[in-house]
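Protein chains get the first letters and strands the later ones, always in sequence-line order, with residue 1 at the start of each.
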Protein chains: 6
Amino acid sequence: MLLHHASWPEVEAYLERSKAVVIPVGSTEQHGPNGLIGTDAICPEVIAKRASELTNMLIAPTFNVGMAQHHMGFSGSMTLRPSTMIAAIFDWASSLARHGFDRLYFFNGHGGNIATLQSAFSEIHADRSLGRPGANREGLQCKLVNWWDFRPVLDFCRETYGSAHGSHATPSEVAITYAAFPHAVKETAMEPAIAPSGRFTDAEDYRAKFPDGRIGSDPSLARIEDGKKLIELSATAMARDFEAFAKQQ
Amino acid sequence: MLLHHASWPEVEAYLERSKAVVIPVGSTEQHGPNGLIGTDAICPEVIAKRASELTNMLIAPTFNVGMAQHHMGFSGSMTLRPSTMIAAIFDWASSLARHGFDRLYFFNGHGGNIATLQSAFSEIHADRSLGRPGANREGLQCKLVNWWDFRPVLDFCRETYGSAHGSHATPSEVAITYAAFPHAVKETAMEPAIAPSGRFTDAEDYRAKFPDGRIGSDPSLARIEDGKKLIELSATAMARDFEAFAKQQ
Amino acid sequence: MLLHHASWPEVEAYLERSKAVVIPVGSTEQHGPNGLIGTDAICPEVIAKRASELTNMLIAPTFNVGMAQHHMGFSGSMTLRPSTMIAAIFDWASSLARHGFDRLYFFNGHGGNIATLQSAFSEIHADRSLGRPGANREGLQCKLVNWWDFRPVLDFCRETYGSAHGSHATPSEVAITYAAFPHAVKETAMEPAIAPSGRFTDAEDYRAKFPDGRIGSDPSLARIEDGKKLIELSATAMARDFEAFAKQQ
Amino acid sequence: MLLHHASWPEVEAYLERSKAVVIPVGSTEQHGPNGLIGTDAICPEVIAKRASELTNMLIAPTFNVGMAQHHMGFSGSMTLRPSTMIAAIFDWASSLARHGFDRLYFFNGHGGNIATLQSAFSEIHADRSLGRPGANREGLQCKLVNWWDFRPVLDFCRETYGSAHGSHATPSEVAITYAAFPHAVKETAMEPAIAPSGRFTDAEDYRAKFPDGRIGSDPSLARIEDGKKLIELSATAMARDFEAFAKQQ
Amino acid sequence: MLLHHASWPEVEAYLERSKAVVIPVGSTEQHGPNGLIGTDAICPEVIAKRASELTNMLIAPTFNVGMAQHHMGFSGSMTLRPSTMIAAIFDWASSLARHGFDRLYFFNGHGGNIATLQSAFSEIHADRSLGRPGANREGLQCKLVNWWDFRPVLDFCRETYGSAHGSHATPSEVAITYAAFPHAVKETAMEPAIAPSGRFTDAEDYRAKFPDGRIGSDPSLARIEDGKKLIELSATAMARDFEAFAKQQ
Amino acid sequence: MLLHHASWPEVEAYLERSKAVVIPVGSTEQHGPNGLIGTDAICPEVIAKRASELTNMLIAPTFNVGMAQHHMGFSGSMTLRPSTMIAAIFDWASSLARHGFDRLYFFNGHGGNIATLQSAFSEIHADRSLGRPGANREGLQCKLVNWWDFRPVLDFCRETYGSAHGSHATPSEVAITYAAFPHAVKETAMEPAIAPSGRFTDAEDYRAKFPDGRIGSDPSLARIEDGKKLIELSATAMARDFEAFAKQQ
């Protein structure tokens, strides 16, 4: 069930059954010559939607602009400063906790969000930890899972793309967006076939090192059929993982 | 064109033609017994998408959780504090301005966002206004338009719903979401037919005064056909308004 | 009774009778060639003082520097960033609420403050709304009223100034300051007689469009007698409105 | 000249002659059984006004709610948190500096403001000090002076009140407010004649130690004539001090 | 060379040779029954000092209270909220960058700091990335290295402690502090020998799961000799890594 | 006892005996041609350590980077903005108060920290003062003492250095660091012997007025023997002062 497609009495009824909720977290940033700027928001969103057909699951709206300062050298990229993102995640979590949700499953599509999300979790917990011992507030669990974290997904990527997978604008994530939005498929020649790899600091540094935006990948390998497969693999694993989380003490 | 479905070279090409961009702004909050919690995000998003078929228009992702503190008494509602929302809008605008966008058209679906959005615009401008006179920074225009602000929309609502339109969980906004997502249509008897009206302060006060969430409305009047009409009316007017804004000095 | 001219036992005694208090909110910004920079603080302050002679009313000090970023192109204008103003209003309200005041009547003299004040109210309420349902905290009501909001005031302005009233550095507000401080009357020829109208963004944009600071007005029409009349009209209406607010549930 | 009673062209003309400006800083807090809650704002304001008759001097509006957390146990007291006050003073100073003022003379009436004001000055300077060396920004000087800092004032208080002067709700400050507002004179017996002295932490601690709000003082000694004398002594010294500051390199 | 034992001319001279500097980052938190509360600050500090004898290296003071909200259930633990730590690291980095340092090597002793440190780096870079392209500001590199990240260290721990190493209050870190401060060696029986393992959220949850503070470890195995060995292994590797970083483009 | 060299059970045992704790507060800033950049952190730290041998005393880690914006013109100086330092001190105090410490003795080594530390105390107290009267939270006392505040220390400095003592990079503070770290003694000719005196604003202003960093001092007079004496004098007085504070109601 999508939170934004539900009515409040339907959410109230869901809370009778479960206190767990999924929050897809994405980013709005360049994904190379043929990748969608919304890739990192689209992937966890479509996978979570598929997972919700497999098990009892409430899905919040997607946190769609994340921490992507390093991509700001490419037109269309958007970012929150980490301090802003921490404040926003704090408010999202406080809102959900107000209704009694105590298992927040953040399903993430962007590596660059990880540190800031974890800091946000600590900001939320610090507020409780600095309070008095024994204060009358329920426990709250926040879990961060990336859509590619599951073994079958990792195996598929390695077998299908090998050394052309890379770490940004990967064929796997592009394939998922193509599967979700076939009209958005873009044909572009990659030059070189596999992009350079390496570390980066700010936006100017990133653009100087990775002139077309890709890191270590050849996203021209992205195929709709593989995207469908990836959605299925990740959704199946994620549904199980969420079930366990919802029950966890 | 949707920013999140475009590649960065496509956005770069768009910037050759125009420096204007639409940012739909919504909210995630209860909309009465039969309304979707995502109503205020869905309305500007679907109307903007339709408008983008009528004219050259780039649409950013939807700012989907807004300022809805007064709805927190109903399960599923989410809110940012105004100070958090100002920081986030500041970062969204700064990101877009970094690429050269200088006409930001915020297309809003939630009355409760208006004051905070205007404050955010002032926060953005204050940063420039407190700088030295003549500093070498381009002008930036932010415009706030609600989807219901256009004369043909207002006329349609008055004619179709009369005194049953109300001000929250209105039949017009519910109709638009039903047109966009027919599977999400919910049948619920309203009791009383038309909800009470009045002012409110915080979440407890709101729930005490408006026990099922509606204010002054009878959203059981929402019909898919009317929703389609409303989308068309608003999109047509908005496309024209955006064109004028994009050209405005 | 002025809070700042009272002793604390006098305020304690007032709280036995009423939990309502007036907070005049102004701005320190240019008001055209013959207007006082303090106009927007002076108007609500003198009107509230007069109103306090008509009914039981406690008046807090005036919040005298508001949100006026767009006026920073003119010497002497001062502004808070919206985020600063929200924090300050939050602290003013928290201070008054600490003593048991639960009806805060913000009596405003500057259109540019409205959005930020409303955001500040939401910041205050959000803090309560995100708390647990049923938490043991009293309700708090914040009301925003502009001194010109009353029907007799609007009528007087229309009849007296017609199309020369405009929207910034209006003859009505200048007249009130002249009535309050006759020694501060300034004679200046206006060129053109009626200033241009339009929208604006930041300080440089404002000054380019409105070179002498006025918008749509001819403040050379300001007369002490009219100022006295306006004070009386607004104070009478405001006293009644405050009485109703103080009793309101 | 009062900034708030001037027009912007008058301020522009003043800036031709001087870049120095006075900002009175006060507080809104209990001042014992017969003292005005606005005492600390009234004192620097009336003294500065008198000083402006003695020399060329521009006076900004009074910063009227300061840092008075320790007085919150007494009805009517208001406070900013130090962090809020720093942000607000930062914005006031940035506004004035924007117009070219580079000598900001903060004329203070409340001991409890001193640390926060000095921190605010450091916040302003830190912003410049962390910038690049040689950056093209003018120097800015902030000076903090309390109205009682001058030798003749100190002598008068010692001679007139001796050990009954104390440190809060002193007869000297009460006398000044009585001289400024004779209608606000309050007759109250003090019990004991001289209030206890000592240190304090938060509001509850303060009220427990100083049950009527005074510290070490007998403000029943306040006389209008002495208040007039104090205003004259402080204003004369302050005018000279300001002149020197305005010229200082 | 220790920055805090150097004079400013000595730092100026160092800057002629190198723009790289080490910032040890620790934490002040419980480390089980026999571990020092300062363990995580002591380890990177003593290792860095040893490394500075092996190569040209400037070492800043240790950032000694980090992000340790989960340890607040144990007396003596201290924490910054992540948002505070980000602001502080931002200021430390801005200070060093002001002098021309452009290679900041953060040498960390606490796993709980990692996410917040990385967020702080992004906060620093975001400030640059949101600026104009081509703005005249030098690149800045921040590198995060944990003292245990080096292969020889990991091998030693595995070989020496095997499954008794665990993840908090490990025998390796305790051994290093014992080597550094032999007088602080504490003898305590561990019960059970190896502490439980698992995940945790806030302070109450942590204390409930790990009643004596350890996670998965048996720190009674800590020996001074092993601590000396670990310091040597880590310092040697770190000196080399720092040299490479200092030269890196 | 050093908090960072203690285990948590040892701190728990200390809390049975005392709720008082020392927090040394320093700065990392230039101290003239022969002074250590860490002088202001080293002095209170070594004095407190010596004092802890004289009485029952727990010493927290040293807050080692303080408010030193005015020293940023000299290589190696580091600073927090006042707003950052207030947030950090707030978190340090909140952490210690969480465990039951209610007497926080801030032992300071840098005059430039005083205003910001006092503001931080007010920030901590304001949080309590704005809460409801009678709220169930224990009192918290924060005391600020500078290591040179004691009569025997002041006498020694006056007798030993006379007019060559000055106010920054003084021979007394340099002597203490030399006594603590004899290997760090630096021989430098001072030119002129006694540095100029005066006021300053930001970093550029400071460096222009005090080109080698000293203010009014001749630190070439610093002798190890005198440093030892100063440590003893200050530690003896401080131990007594702390004892009294720990018992104070």
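Within the 3.5 Å criterion, the main-chain N or O of A:P61 finds no donor-acceptor partner in the side chain of B:N64. Without hydrogens or angle criteria, B:S7 side chain to A:N34 main chain gives no donor-acceptor distance under 3.5 Å. B:S75 contributes no side-chain N or O that, together with a main-chain N or O of A:H99, makes up a donor-acceptor pair within less than 3.5 Å. Counting only distance, with no hydrogens or angles, the side chain of B:R81 and the backbone of A:D91 share no donor-acceptor pair below 3.5 Å.
Within 6.0 Å of the CD atom in B:E187, the count of heavy atoms belonging to other residues, nucleotides or ligands does not exceed 12. Sparse packing is recorded around NZ of B:K228, with 12 or fewer heavy atoms of other residues, nucleotides or ligands lying under 6.0 Å away.
Residue B:A203 touches chain A through its side chain alone, counting heavy-atom pairs closer than 4.5 Å. For A:F90, the part lying near chain B is the side chain, with the backbone staying farther off; criterion is any non-hydrogen pair under 4.5 Å. With a threshold of 4.5 angstrom between heavy atoms, A:L15 approaches chain B through side-chain atoms but not through N, CA, C or O. Within the 4.5 angstrom heavy-atom criterion, no atom of A:T177 approaches chain B. If you measure heavy-atom distances from A:F74 to chain B, the contacts under 4.5 Å come from both the backbone and the side chain. Looking at A:I42, the atoms closer than 4.5 Å to chain B (heavy atoms on both sides) all sit in the side chain, from C-beta outward. With a 4.5 angstrom heavy-atom cutoff, A:T28 touches chain B only via side-chain atoms. With a 4.5 angstrom heavy-atom cutoff, A:E29 does not touch chain B via any of its atoms. Both the backbone and the side chain of B:L3 come within contact range of chain A, with heavy atoms under 4.5 Å apart.
Chosen from B:S83, B:G100, B:G76, the residue pairing most often with chain A at heavy-atom distances under 4.5 Å is B:G76. In terms of heavy-atom pairs under 4.5 angstrom with chain B, the leader among A:G38, A:G35, A:S95, A:G26 is A:S95. When each of B:A184, B:A60, B:P33, B:A41 is scored by its heavy-atom pairs under 4.5 Å with chain A, the top score falls to B:P33. Counting heavy-atom pairs closer than 4.5 Å to chain A, the top residue among B:S94, B:G32, B:G213 is B:G32.
Here B:K186 contributes atom NZ and A:E10 contributes atom CD; the two are 3.5 Å apart, rounded to the nearest 0.5 Å. In this structure, the separation between CD on B:E12 and CD on A:Q30 is 11.0 Å, given to the nearest 0.5 Å. Between the CZ atom in B:R98 and the CD atom in A:Q69 there is a gap of 10.0 Å [rounded to 0.5 Å].
Taking the ring axis of A:W8 as reference, the NZ or CZ atom of B:R207 stays within 45° of it and closer than 6.0 Å to the ring centre.
The side-chain heavy atoms of B:L36 and A:H4, taken from C-beta on, include no pair separated by under 4.5 Å.
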Yes or no on side-chain contact (heavy atoms from CB on, under 4.5 Å) for A:L80 and B:W92, after CA distance, side-chain angles and deciding distance? CA-CA 7 Å; A:L80 297 180; B:W92 282 46; 3.8 Å; yes
